[in-house]
Amino acid sequence: MRANFSLKRYAKVQARFNREALLSDALSQKSIHIVRAYDYGVTKGRKAYCVMEYLSGKSLKD
């Protein structure tokens with residue numbers, strides 16, 4: 001039973017990650033103030049990744 005819950009949860013998290021990556025890319029087309037997402041996906045090891053635009057300059061922490 002636990003394994004099924006884990007797979008269902010994984011599917012929900014992956015779907016949310018995909019939606020956010022698509023939304024980020026769509027928004028970046030409309031505003032220069034949003035970082036572009038060039039690519040996203042999942043590795044063979046089931047690790048999600050998102051390749052985003054690099055911005056040089058100070059960090060928000062500074």
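Note that the structure is a prediction, hence the values are computed from the model and not measured.
For the salt bridge (charged side-chain N to carboxylate O under 4.0 Å, His left out) test, residues two or more places apart in sequence or in another chain that qualify with R16 are E20. Residues that satisfy the side chain to side chain donor-acceptor pair (under 3.5 Å) test with S59, not counting sequence neighbours, are D62.
Using a 4.5 Å cut-off between side-chain heavy atoms of Ile, Leu, Val, Met, Phe, Trp and Tyr, with links allowed through other members, V35 and V51 fall into different hydrophobic clusters.
The two residues S28 and I34 have their closest heavy-atom pair at CB-O, 3.6 Å. The shortest heavy-atom contact between A37 and A21 is CB-O, 4.3 Å.
Residues M52 and Y38 have side chains not in contact (no heavy-atom distance under 4.5 Å, counting atoms from C-beta outward). By the 4.5 Å heavy-atom criterion applied to side chains, V42 and Y49 are not counted as neighbours.
To the nearest 0.5 Å, atoms CZ (R36) and OG (S31) are separated by 12.5 Å. Taking CD from Q14 and CZ from R9, the interatomic distance works out to 12.5 Å, rounded to the nearest 0.5 Å.
Grouping Ile, Leu, Val, Met, Phe, Trp and Tyr residues whose side-chain heavy atoms lie under 4.5 Å apart, directly or via other members, places L22 in a hydrophobic cluster with F17, Y40.
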